[in-house]
There are 2 protein chains.
Amino acid sequence: MCTLCVIGNASNDCYAHLVPPHTRVNMADVARRAGVSMATASRALSNHPHVAAETRARVLAAAEQLSYVISPEASRLAGGATDRVAVVVPHIARWFFATLLEGLESVLREADLDVLLYHVGDEADRRDFFQRLPARRKVDAVVVLGMPVRDGERARLELMGVHIVAAGGQVENYPYVSIDDAAAGRQAVDHLIFLGHRRIGMIAAVDPAEPGWPANPGRTRAYEQALADAGLPADPALAVTVPWGGLPGADAMSRLLGLREPPTAVYAHSDEVAFGAIRTLRRAGLRIPGDMSIVGIDDHPMAELAELTTVAQPVRDQGVLAGRVVLALLAGEPTAGGVTVPTRLVIRGSTAPPRR
Amino acid sequence: MCTLCVIGNASNDCYAHLVPPHTRVNMADVARRAGVSMATASRALSNHPHVAAETRARVLAAAEQLSYVISPEASRLAGGATDRVAVVVPHIARWFFATLLEGLESVLREADLDVLLYHVGDEADRRDFFQRLPARRKVDAVVVLGMPVRDGERARLELMGVHIVAAGGQVENYPYVSIDDAAAGRQAVDHLIFLGHRRIGMIAAVDPAEPGWPANPGRTRAYEQALADAGLPADPALAVTVPWGGLPGADAMSRLLGLREPPTAVYAHSDEVAFGAIRTLRRAGLRIPGDMSIVGIDDHPMAELAELTTVAQPVRDQGVLAGRVVLALLAGEPTAGGVTVPTRLVIRGSTAPPRR
DNA sequence: CTGAAATCCGCAAACGGTTCCAAGCCCATC
DNA sequence: GATGGGCTTGGAACCGTTTGCGGATTTCAG
């Protein structure tokens, strides 16, 4: 049955009772109807202790009957929380960030917190965001998704005076949740080494919107380290860095194929980049994994369709965990400094021992 | 130079002057410093007319020096707008919706409007959203992205008393921006027919979160109509409907291949579904387009990498246009009832004349 | 130089809640 | 049977802006 319904309508699609917006009812109306003071009404509605159960019920009933909704502005102004959290993302449309966001939103929504979305893409956006702090005074917490934050920017952020949480990124100054990039990279490269590859290429990706920044350091270091640990020579020509994306990935693979002595396997920093690489191989008439093995990171949904071996990371979960951290912070509970979620190698059809 | 800077710091990375959050300055402080009343300060800050230029400048200067930020709550409470718009999406992480959102966010952000994100996925979410109207009293407008809205739900939405805009979907009751699905479908199917295919399959997709709803009617009708117009027989076995997604797409193609007389070409309602179909074909050892042509709709970024022929729709643009409509509505300008953006066939390597 | 019109500006009343403080009440304890 | 203490409840002071209204000042034609 419709929870707001006055007339006991049994249908869930009861829309009859809701008053039109110009008939704004406020807490005073509710209080009057319940025969209590506003103070009591306020306490009853916001679940404060020290309100007689019977009184609370009466207030709640009155509120329902009037289909009263609290004014968030007034509430906040008078000292309450905003019940809003800002989410800052460098890319909205990329699978990784969108999925992170989806997980985060779900737990925030469940806790009745509103999500304010801030897209901070290129350098201009950053400057604007951290300088103007458009979220200032508007939120109880801010979550930074998959995005490095510079020292100066951190200083600004902190001036907002709210909780800060990081997820899916390389920020460790705040409570964070992310994977261990170095470990993930090792899983990928070690797999290739285990298969017997000795000449392994790497396609590293940098954010096209932030060309100045280095590619993911953990994933890069993992490659170098794995090679070193296996006693394999490090050939700088085998490591190519391109902007993030499928097409650049395709280019990168072209460069690798143009080498006098191309690799027999390639480790890509991300699945999307790997997909591009695959296209180049297919166009070149090369077989995967026969002529070339390739492994990515992420386990993008398309990886399964492309039969791509990859290192899976629980993206949505990271968002969910970040949301829980926010909730804990808001509740004043102590939280662990950071959470690292595990990754795992998913072997599909794109990797095999090198042809001898 | 830093726009907030009091001390004339030439660097853009000047963070020194911002006061910590506990030193909250309010408009009274600004007014005092500028030597005017709060009323004048308010008018100056919100760009009202009838404020002497010199006075305004003085107020603005005072505000800068104190690094004052207006309290949105108080402002709203006293009668201003919320400067927030709710965006309702059925899926956050899918490319189509995320891209729409990205476009929308960019123009809203530019207009200094905040974006409140509401994920309304399955039936339970819908019920909750439309019943509780969690966005009520919180926004100046709501944008519904790529999502049908039932009549009863519309009634609820309208009770919010704010502007409503639809984008990327099949809603025509509000100002909307979308493609012509029927036309897009025709472009895809007509292309196959033009190539000489006479036995054409269709993979229609329904939202897995809303299994009760039909697949996109425009795209379905386009298929039937195109066949009819070309004088081709309509074989019901050739039209299979599956939940949206790559894996279901793969299943669908399996079913099509299991037919006594399989099609020579397949029209998929969306690229993602087509990708799944492609995997099945590849696993079956069939060649594309040699043994089977396939065309999708969307021009997903991956389509280029998969060499998929598809009907491109300007997704981001639809979001941008929807944002402009919101702005116009908020400004009180009259707006056209709806905008239909064009689609175009992008021929890649997945289609060719049937083998004879 | 004068008077009216056009601008500017300040006062104070909302806007819709939250919460401190104190008063009223009931009940158990001494 | 009085006293003390714990729940409940109401009164009222904010929270930080916007804005209608009226007074003050400037502008400009006559």
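Labels below follow one simple rule: chain letters A, B, ... track the order of the sequence lines, proteins then strands, and each chain is numbered from 1.
Nucleotide dC14(D) holds its C1' atom 18 Å from the CE atom of M27(B), rounded to whole Å. Nucleotide dT17(D) holds its C1' atom 12 Å from the CD atom of E73(A), rounded to whole Å. The interatomic distance linking N47(B) (CG) with dT19(D) (P) rounds to 13 Å, in whole Å. For the pair R136(B) CZ and dG16(C) P, the computed distance is 14 Å after rounding to whole Å. One atom, NE2 of H50(A), and another, P of dG24(C), lie 20 Å apart when rounded to the nearest Å. As rounded to whole Å, 10 Å separates atom C1' of dC15(C) from atom CZ of R76(B).
Each of dT17(D), dG17(C), dG10(D) was ranked by its minimum atom distance to the side chain of S71(A); first place goes to dG17(C). Among the nucleotides dC8(C), dG10(D), dG16(D), the one closest to any side-chain atom of L77(A) is dG16(D). Nearest nucleotide to the side chain of A78(B), out of dC15(C), dC8(C), dT19(C): dC15(C). Looking at the side chain of V51(B), the nearest of the listed nucleotides dC9(C), dG17(C), dT17(D) is dC9(C). In the set dG10(D), dT18(D), dC9(C), dC9(C) carries the atom at the smallest distance from any side-chain atom of A52(B).
Of the side-chain N and O atoms in S37(B), none sit less than 4.0 angstrom from OP1 or OP2 of dC9(C).
Under the side-chain contact (heavy atoms from CB on, under 4.5 Å) criterion, T82(B) pairs with E73(A), R76(B), R84(B), D140(B), not counting sequence neighbours. Listed by chain and number, the residues in a ring pair (Phe, Tyr, Trp, His ring centres under 6.0 Å) with Y68(A) amount to none (sequence neighbours excluded). For D29(A), the side-chain hydrogen bond (donor to acceptor under 3.5 Å, both in side chains) partners are R32(A), not counting sequence neighbours. Looking at residues two or more places apart in sequence or on another chain, you find a ring pair (Phe, Tyr, Trp, His ring centres under 6.0 Å) between F97(A) and H91(A). Take H119(B) and apply the ring pair (Phe, Tyr, Trp, His ring centres under 6.0 Å) test, not counting sequence neighbours, and it matches no residue.
Among the protein residues, S75(B) comes within range of the sugar-phosphate backbone only, with heavy atoms under 4.0 Å from sugar or phosphate atoms but none that close to a base. In this structure, R137(B) reaches the sugar-phosphate backbone alone: every heavy-atom distance under 4.0 Å involves primed, P, OP1 or OP2 atoms, never a base.
Judged by a 6.0 Å distance limit and a 45° cone about the ring axis, R154(B) is positioned over the six-membered ring of Y174(B).
Fit an axis to the five pairs at each end of the helix from dC1(C)-dG30(D) to dC30(C)-dG1(D) and the two axes sit 30° apart, to the nearest 10 degrees.
Where T55(B) and M38(A) each meet DNA chain C at their nearest nucleotide, the meeting point lying more 5' is that of T55(B).
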